[in-house]
Amino acid sequence: MPSQTTSSIFVEKKKLSKPPLELHYLGDRVLRQPAKRIPKVDDEVRQLARQMLQTMYSEDGIGLAAPQVGVHKQLIVIDIHLDEPKTPPLVLINPSITRQSSKTCVIQEGCLSIPGVFLDVTRPEEIEVFYKDEMGRPQKLVANDLLARVILHEMDHLNGVMFVDRVDNALALNQELSKNGFSVQAVKPIA
């Protein structure tokens, strides 16, 4: 974790009957547009992060990118410690990968924008990411395993990429999408 003394984003880790933001789903063009860098970290950005966390917790997610709620900004919220109320979430603004391991692993992923679909995706095991926190302070984080995977998954959203674009098993992909009411035409495979 980054060396943050205190997080200014306090959100109770609970489900809300009406989350503040609306999720967009696979097939919606808004998910395919690249997000813009955030020039200044201010109260508006912190409020968006807070609302994104409330929406993510309400949907039982562990990561959410701003494009998933129709906002084209490079902002990601992550919390892989849902059962630990005192562990603060991670807020990444304008994140960029500065290093990734050549060692990869395959793990099943899901996405709040594609509910019910879980498929294997290959990603680097470890990454180093540079970003600004919710106070606008530069941070560097070395992440591995689940945290690295969630960061990469959410950063894909900032570039208009969905995890299904990275699935190698076409048969499983078609079956899962069809079973859950999504169109295979909405997938844009990464070469």
Side-chain angles (χ1 to χ4, degrees), residues 1-28 30-31 33 35 38 41-95 107-119 121 123 127 129 131-137 139 141 143-164 176 180-182:
M1 294 291 289
S3 55
Q4 293 178 305
T5 46
T6 57
S7 173
S8 64
I9 307 286
F10 295 106
V11 173
E12 204 177 331
K13 298 181 184 189
K14 67 174 187 179
K15 282 178 175 274
L16 301 175
S17 55
K18 178 122 178 61
L21 303 170
E22 196 174 310
L23 283 172
H24 292 260
Y25 299 99
L26 180 66
D28 191 327
V30 78
L31 292 170
Q33 297 167 7
I38 294 174
V41 179
D42 55 17
D43 286 338
E44 189 180 314
V45 171
R46 285 186 283 278
Q47 179 60 17
L48 174 60
R50 214 170 276 115
Q51 291 178 329
M52 285 172 61
L53 283 163
Q54 290 171 324
T55 302
M56 181 186 83
Y57 292 137
S58 296
E59 301 292 339
D60 294 321
I62 57 173
L64 186 67
Q68 290 179 272
V69 291
V71 178
H72 292 290
K73 292 184 176 174
Q74 290 186 13
L75 173 60
I76 293 170
V77 295
I78 293 172
D79 191 345
I80 60 171
H81 304 285
L82 298 179
D83 299 339
E84 300 170 18
K86 299 217 181 313
T87 303
L90 200 50
V91 176
L92 290 84
I93 298 164
N94 301 333
I107 296 179
Q108 207 175 62
E109 289 187 23
C111 181
L112 294 178
S113 291
I114 319 172
V117 175
F118 299 92
L119 293 159
V121 178
R123 292 196 190 266
I127 59 167
V129 61
Y131 63 97
K132 286 189 175 173
D133 66 15
E134 69 276 0
M135 298 310 292
R137 299 172 296 216
Q139 301 282 348
L141 170 65
N144 52 35
D145 303 325
L146 179 61
L147 183 57
R149 181 166 292 273
V150 175
I151 290 170
L152 290 168
H153 175 111
E154 300 307 333
M155 282 184 68
D156 271 353
H157 280 297
L158 300 182
N159 296 309
V161 174
M162 312 267 306
F163 91 93
V164 288
E176 280 296 299
N180 289 283
F182 293 102

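Not measured: the values here are computed from a predicted model.
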Find the distance between CD1 (Ile114) and CG (Leu23) and round it off to the nearest 0.5 Å.
-> 11.5 Å
What do the steps show when you test Val91 against Asp133 for side-chain contact (heavy atoms from CB on, under 4.5 Å), and what is the final call?
-> CA-CA 6 Å; Val91 176; Asp133 66 15; 5.9 Å; no
Only counting residues at least two apart or in another chain, list the ones meeting side chain to side chain contact (heavy atoms under 4.5 Å, CB included) with Ala148.
-> Ile127, Ala143
Verify side-chain contact (heavy atoms from CB on, under 4.5 Å) between Glu154 and Val150, making sure each step is shown before the conclusion.
-> CA-CA 6 Å; Glu154 300 307 333; Val150 175; 4.2 Å; yes
With sequence neighbours excluded, tell me which residues meet salt bridge (charged side-chain N to carboxylate O under 4.0 Å, His left out) with Lys13.
-> Asp79
The side-chain hydrogen bond (donor to acceptor under 3.5 Å, both in side chains) partners of Gln108 (sequence neighbours excluded) come to none
Closest non-hydrogen atom pair between Leu147 and Ile78, with its separation | CD1-CG2, 3.9 Å
Kindly state each residue pair satisfying salt bridge (Lys or Arg N to Asp or Glu O under 4.0 Å) with at least one member in residues 52-72, sequence neighbours excluded.
-> Lys15-Asp60
With sequence neighbours excluded, what pairs up with Asp42 under the salt bridge (charged side-chain N to carboxylate O under 4.0 Å, His left out) test?
-> none
Atom pair CZ (Arg46) and CG (Asp43), whose distance is rounded to the nearest 0.5 Å | 4.5 Å
For the student: nearest non-hydrogen atoms of Pro115 and Tyr25, plus distance | CD-CD2, 3.6 Å
Supply the atom-to-atom distance Leu53 CG to Glu12 CD, rounded to the nearest 0.5 angstrom.
-> 13.0 Å
Interatomic distance, Glu134 atom CD to Leu90 atom CG [nearest 0.5 angstrom] | 9.0 Å
Which residues satisfy the side chain to side chain contact (heavy atoms under 4.5 Å, CB included) test with Glu22, sequence neighbours excluded?
-> none
Only counting residues at least two apart or in another chain, list the ones meeting side chain to side chain contact (heavy atoms under 4.5 Å, CB included) with Asn180.
-> Val117, Glu176, Phe182
Say you draw a straight line from NZ of Lys132 to CG of Asn94; how long is it, rounded to the nearest 0.5 Å?
-> 6.5 Å
Pro20: partners by side chain to side chain contact (heavy atoms under 4.5 Å, CB included), with sequence neighbours left out = Leu16, Gln51, Gln54, Thr55
Return the minimal non-hydrogen interatomic distance between Tyr131 and Pro95, and the atom names on each side.
-> CB-CA, 3.8 Å
For Asp156, all residues meeting salt bridge (charged side-chain N to carboxylate O under 4.0 Å, His left out), sequence neighbours excluded | Arg123, Arg166
For Leu158 and Gln74, work out which heavy atoms get closest and say how close.
-> CD2-CA, 3.8 Å
Provide the closest heavy-atom pair for Leu26 versus Leu31 in the form atom of the first, atom of the second, distance.
-> N-CD1, 3.7 Å
For the pair Arg149 (side chain) and Val121 (backbone), establish whether a donor and an acceptor sit closer than 3.5 Å, ignoring hydrogens and angles.
-> yes
ring-ring contact (aromatic ring centres under 6.0 Å, His included) involving His153 - partner list, sequence neighbours excluded | His157, Phe163
Side chains of residues 61-73: which donor-acceptor partners sit under 3.5 Å, not counting sequence neighbours?
residue	atom	partner	partner atom	Å
Gln68	OE1	Ala65	N	2.9
Gln68	NE2	Ser113	OG	3.0
His72	NE2	Gln33	OE1	2.8

More than 12 heavy atoms of other residues, nucleotides or ligands under 6.0 Å from CD of Glu84: is that the case?
-> yes
What closest approach, in Å, do Val41 and Met135 show between heavy atoms, and which atom pair accounts for it?
-> CG1-C, 4.1 Å
Residues in side-chain hydrogen bond (donor to acceptor under 3.5 Å, both in side chains) contact with Asp28, at least two apart in sequence or another chain = His24
Spacing of CZ belonging to Arg50 relative to CG belonging to Leu21, to within rounding of 0.5 Å = 12.5 Å
